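Contents: one structure, followed by commentary.
Since the structure is predicted, the reported quantities are computational estimates derived from the model, not experimental observations. What you see below is based on every heavy atom in this structure, not just the backbone, and it leaves out hydrogens, waters and symmetry mates.
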Amino acid sequence: MNVSCNLTKKNITLSVVIALITIFTIVGKIEAQANPTAPSTDTTQITEAPTETPAPAAEAPQEAATQESEIGLVKLFVTGGWSMWPLLLSSIVGFGVILERLYFFFTAKLVRKGYNQDLQDAIDASGMNGVDEFLKANEGQRITDVLKNGMEVSQNDPEIFAAGIEREAGEVMTLLEKGLTVLSAVSTIAPLVGFLGTVSGMINAFDAIANADQVNAKVVAGGIKEALITTAAGLIVAIPAMTFYQYLQGRVAFFTSEVEEAANKIYKEYLKLKAGKKA
């Protein structure tokens, strides 16, 4: 049994050695066929030496790439063509309107939270006397000014009060909506200018194709790049303008609804007074 086991181990070892020799032989033949003119060790050393010297030259493209990234916005602006100038003007105008309107809405005291609920509580407690006391306690807010001015001209008549509120609210609404028309125009015109620049860039691209003997990517790349830049620039200007326009319009609509609700409460009290006098 021991003899047979030893013979088996020897046969396995011999087979492994033969397989390894065969594999190395095949790999050597494959390498020889892949490199039929393999250079000698001396030539390899000679050719390796010059490859180490161009290392400093590789730093130049990196420096150039760094310089291009520093002026990337300016380069993109110039590449965009003529349409970038009206887009720049639109962005400046829109940004100025946004800042002015945000400052106005955050500094102006339009209507505080819970105003109408407190007004209703005052009416339920003391009627029109409660309204007068409530308005005196909430002076300095735009909604209070509108209600007081409407009541001063009403002569205790509900219809005259409604007309006075409409007139006073219209004056305040004109002040609140100041500049929103410009912001709406910017959000509408900027994409159109960008698309016009896109059309101009595509025209330049097709003109380059028509004038080129051989068409390749470089021939049309400039025109297509101009087209994409102007489209992106138009959307970059329009999206913030439209966003803030909708936000500011929401603030105006909220103030309008609060004035209407408060005026309706007082209007009902005037109707009660008028019905009581008739009775």
Exercise for review: Apply side chain to side chain contact (heavy atoms under 4.5 Å, CB included) to Ala163 and list each qualifying residue two or more places apart in sequence or on a separate chain.
Suggested key: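 Testing Ala163 for side chain to side chain contact (heavy atoms under 4.5 Å, CB included), a comparison that skips the adjacent residues, returns none.
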
**Study point:** Contacts of type side chain to side chain contact (heavy atoms under 4.5 Å, CB included), residue Glu261, not counting sequence neighbours
**Key:**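 Only Asn116, Glu258, Lys265 meet the side chain to side chain contact (heavy atoms under 4.5 Å, CB included) criterion with Glu261.
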
Under 4.5 Å side-chain heavy-atom separation, chaining through any Ile, Leu, Val, Met, Phe, Trp or Tyr, what else clusters with [X]? Say none if it is isolated.
| X | result |
| --- | --- |
| Ile239 | Leu235 |
| Leu196 | Trp82 |
| Tyr103 | none |

Nearest 0.5 angstrom please: [X] [atom1] to [Y] [atom2], how far?
| X | Y | atom1 | atom2 | answer |
| --- | --- | --- | --- | --- |
| Leu180 | Arg101 | CG | CZ | 6.5 Å |
| Met128 | Ile123 | CE | CD1 | 7.5 Å |
| Asp145 | Leu135 | CG | CG | 9.5 Å |
| Ser83 | Ile229 | OG | CD1 | 9.5 Å |
| Leu271 | Asp157 | CG | CG | 9.0 Å |
| Ser90 | Leu88 | OG | CG | 8.5 Å |

Review point. Can you list the residues that meet the ring-ring contact (aromatic ring centres under 6.0 Å, His included) rule with Phe255, with sequence neighbours excluded?
Key: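 Once residues adjacent in sequence are excluded, Phe255 has no partner under the ring-ring contact (aromatic ring centres under 6.0 Å, His included) criterion.
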
Check your understanding: With sequence neighbours excluded, what pairs up with Phe134 under the ring-ring contact (aromatic ring centres under 6.0 Å, His included) test?
Key ->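 Partners of Phe134 under the ring-ring contact (aromatic ring centres under 6.0 Å, His included) test: Tyr115.
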
Hey, any chance [X] and [Y] share a hydrophobic cluster, counting ILVMFWY side chains that come within less than 4.5 Å of each other, even indirectly?
| X | Y | value |
| --- | --- | --- |
| Met242 | Phe95 | no |
| Phe195 | Ile203 | no |
| Phe106 | Leu175 | yes |
| Val111 | Leu102 | yes |
| Ile266 | Leu273 | yes |

Exercise for review: Any pair with a residue in residues 128-139 that passes side chain to side chain donor-acceptor pair (under 3.5 Å), sequence neighbours left out, goes on the list, sorted by first then second residue, please.
Suggested key: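 Pairs touching residues 128-139 that pass the test: Arg112-Asn138, Glu139-Lys148.
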
Point to revise | Pairs touching residues 159-184 that satisfy side chain to side chain donor-acceptor pair (under 3.5 Å), sequence neighbours left out | key: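 The answer is Asn149-Glu168, Glu159-Tyr267.
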
Shortest non-hydrogen contact between [X] and [Y], atoms and distance:
| X | Y | answer |
| --- | --- | --- |
| Gln155 | Ile160 | OE1-CD1, 4.3 Å |
| Ala238 | Ser187 | CB-O, 3.6 Å |
| Val193 | Pro86 | CG1-CG, 3.9 Å |
| Gly164 | Val153 | CA-CG2, 4.2 Å |
| Ile165 | Val146 | CD1-O, 3.4 Å |
| Ala190 | Leu87 | O-CD2, 3.4 Å |

With a 3.5 Å cut-off and sequence neighbours excluded, list the donor-acceptor pairs that the side chains of residues 245-254 form with protein atoms.
{"from": "Tyr247", "atom 1": "OH", "to": "Arg251", "atom 2": "NH1", "distance (Å)": "3.1"}
{"from": "Arg251", "atom 1": "NH2", "to": "Phe105", "atom 2": "O", "distance (Å)": "3.4"}

Point to revise | Residues Met84, Thr230; criterion side-chain contact (heavy atoms from CB on, under 4.5 Å); working and verdict | key: CA-CA 7 Å; Met84 298 297 289; Thr230 55; 4.3 Å; yes

Practice item. Determine, step by step, whether Val97 and Phe244 satisfy the side-chain contact (heavy atoms from CB on, under 4.5 Å) criterion, reporting the C-alpha distance in whole Å, the side-chain angles of both residues, the deciding distance to 0.1 Å, and the verdict. Key: CA-CA 10 Å; Val97 172; Phe244 281 100; over 6 Å; no

Check your understanding: Under the ring pair (Phe, Tyr, Trp, His ring centres under 6.0 Å) rule, what pairs show up with a residue in residues 159-183, not counting sequence neighbours?
Key ->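 Every pair satisfying ring pair (Phe, Tyr, Trp, His ring centres under 6.0 Å) with a residue in residues 159-183: Phe161-Tyr270.
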
Review point. Asp121: what forms a side-chain hydrogen bond (donor to acceptor under 3.5 Å, both in side chains) with it, not counting sequence neighbours?
Key: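 For Asp121, the residues satisfying side-chain hydrogen bond (donor to acceptor under 3.5 Å, both in side chains) (neighbours in sequence not counted) are Gln117.
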
Review point. Going through the checks in order, is the side chain to side chain donor-acceptor pair (under 3.5 Å) test met by Gln120 and Asp124?
Key: CA-CA 6 Å; Gln120 184 63 52; Asp124 294 338; 2.8 Å; yes

